[in-house]
Every structure is written in structure tokens, then in C-alpha cells.
Amino acid sequence: MKRKIVLTGAFIGMLAIIFGAFGAHLLKKYLTIDELNTFEVGVRYQMYHALFLLFLSTRKDIAEKTVKTIYNLVVAGVVLFSGSIYILATKNLTVFDSKIIVFATPLGGFLLIIGWAVLFLTILRKKS
């Protein structure tokens, strides 16, 4: 599981850098300042959670089942949150009907919050 988490964290981080460069260099010609700022929020949260996964992979004091739960919440949260933000920020450049994914951003954010909460409660319950 540790290898899978590290690989996923590295992949999500790599994509965040690619998307960040894409936004900064290519999309700035086509998006408004507000749309670019929105796009950058997706990149930032994606990178935060790539680092979160790398941190999670170092924890030896958390049960495997809990690690898997946190991993699944974070990966799903990144896909829904950052993915929907990328689509919403670039909606004027595509023919994709972004109205069908409006629910994805808050749901993804909620999953990310739950992932952090599971980690917090797990550590809180452990005896020092």
C-alpha cells in the first residue's frame, strides 16, 4: 500500500506542476484573470494533497485499513474537486456542459475534509 500511495502522490504532484505550467503559460492567453485564479486553486489543492499522500505514506502508526480509507477519500476528493475546477475554469474554451459537474466541487472538497478528519481523529485517539 505504501508504494501505491507514494506513486499516486508523485503522479498527482507531477500533474499539478504540468497543469500549473499549462495555466500559467498557455491558458493565460484565453482565460480571464478570475478564470485563471480559479484554475490555480485547483492546482494548489491538488499539490497540497499530493504532499498529503506522501506524508501519509510515512506514517507507521496508522492501521492499514485507515490508511486505505484516507487514501481513497483524498484521491476521489482531488479528482472531483480539482478536476471539476479545471473544467469550470475553462468552460468557455470547450463545448462540455459544465452544469452537469457543479456538484463535484463541493463533494470533492467534502471528501478532502473527511480525509483530513479521519487522520486527525486517528492520531487524536492514539495514546502518546
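- Taking Ile, Leu, Val, Met, Phe, Trp and Tyr as members and joining any whose side-chain heavy atoms lie under 4.5 Å apart, directly or through other members, I33 forms no hydrophobic cluster with any other residue.
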Between L7 and R3, is a side chain to side chain contact (heavy atoms under 4.5 Å, CB included) present by the stated rule, with each step listed? CA-CA 6 Å; L7 287 171; R3 182 174 189 272; 3.5 Å; yes

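- A 4.5 Å side-chain heavy-atom check between L93 and L31 finds at least one atom pair inside the cut-off.
- Side chain of T32 to backbone of E35: a donor-acceptor contact under 3.5 angstrom is found.
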Margin query: Before you tell me yes or no, could you show the steps for I123 and I62 under side chain to side chain contact (heavy atoms under 4.5 Å, CB included), namely the whole-Å CA-CA distance, both residues' side-chain angles and the distance that decides it to 0.1 Å?
Written below: CA-CA 8 Å; I123 300 297; I62 301 174; 4.2 Å; yes

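- Taken to the nearest 0.5 Å, the CG atom of L56 stands 11.5 Å off from the NE2 atom of H49.
- In this structure, the side-chain hydrogen bond (donor to acceptor under 3.5 Å, both in side chains) partners of Y86, at least two apart in sequence or on a different chain, are Q46.
- A single hydrophobic cluster is seen to contain both L111 and F55, as judged by linkage of ILVMFWY side chains at heavy-atom distances under 4.5 Å, directly or through other members.
- Residues K29 and H25 share a closest heavy-atom pair of CE-O, 4.2 Å.
- When all heavy atoms are compared, the tightest approach of S57 to I5 is CB-CG2, 3.8 Å.
- No more than 12 heavy-atom neighbours from other residues, nucleotides or ligands sit within 6.0 angstrom of OH on Y45.
- Taking 4.5 Å as the limit, every side-chain heavy atom of R59 sits out of range of all side-chain heavy atoms of T122.
- Between F19 and F39, the angle of the ring planes goes over 60°, which puts this pair in the perpendicular group of the 30/60° scheme.
- Among residues two or more places apart in sequence or in another chain, the salt bridge (charged side-chain N to carboxylate O under 4.0 Å, His left out) test is passed with R44 by none.
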Donor-acceptor pairs under 3.5 Å, side chain of residues 66-76 to any protein atom, not counting sequence neighbours: which ones?
| unit_1 | atom_1 | unit_2 | atom_2 | d |
| --- | --- | --- | --- | --- |
| T69 | OG1 | K65 | O | 3.0 |
| Y71 | OH | T8 | OG1 | 2.8 |
| N72 | ND2 | K68 | O | 3.1 |

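- Between the side chain of K2 and the backbone N or O of T58, no donor-acceptor pair lies under 3.5 Å.
- Residues V6 and M14 do not share a hydrophobic cluster, defined by chaining ILVMFWY side chains whose heavy atoms lie under 4.5 Å apart.
- Under the 4.5 Å side-chain heavy-atom criterion for ILVMFWY residues, no single connected hydrophobic cluster contains both I18 and I85.
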Q.
For L112 and F52: C-alpha separation, side-chain torsions, deciding distance, then whether side chain to side chain contact (heavy atoms under 4.5 Å, CB included) applies.
A. CA-CA 10 Å; L112 293 172; F52 178 77; over 6 Å; no

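- Summarising the hydrophobic clusters (Ile, Leu, Val, Met, Phe, Trp, Tyr; side-chain heavy atoms under 4.5 Å, direct or chained), the residues clustered with L121 are F120, L124.
- Neither F11 nor L53 shares a network with the other; the hydrophobic side chains, linked directly or stepwise wherever heavy atoms of I, L, V, M, F, W or Y lie under 4.5 Å apart, form separate groups for each.
- Pairing each heavy atom of T38 with each of A89, the nearest pair is CG2-CB, 4.0 Å.
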Atom pairs and distances, donor-acceptor, side-chain atoms in residues 77-84, under 3.5 Å, two or more places apart:
| unit_1 | atom_1 | unit_2 | atom_2 | d |
| --- | --- | --- | --- | --- |
| S82 | OG | G42 | O | 2.8 |
| S84 | OG | L80 | O | 2.6 |
| S84 | OG | F81 | O | 3.0 |
| S84 | OG | T105 | N | 3.3 |
| S84 | OG | T105 | OG1 | 2.5 |

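- Separating the CG atom in L51 from the CD1 atom in I12 is a distance of 10.5 Å, to the nearest 0.5 Å.
- Using a 4.5 Å cut-off between side-chain heavy atoms of Ile, Leu, Val, Met, Phe, Trp and Tyr, with links allowed through other members, L36 and V43 fall into the same hydrophobic cluster.
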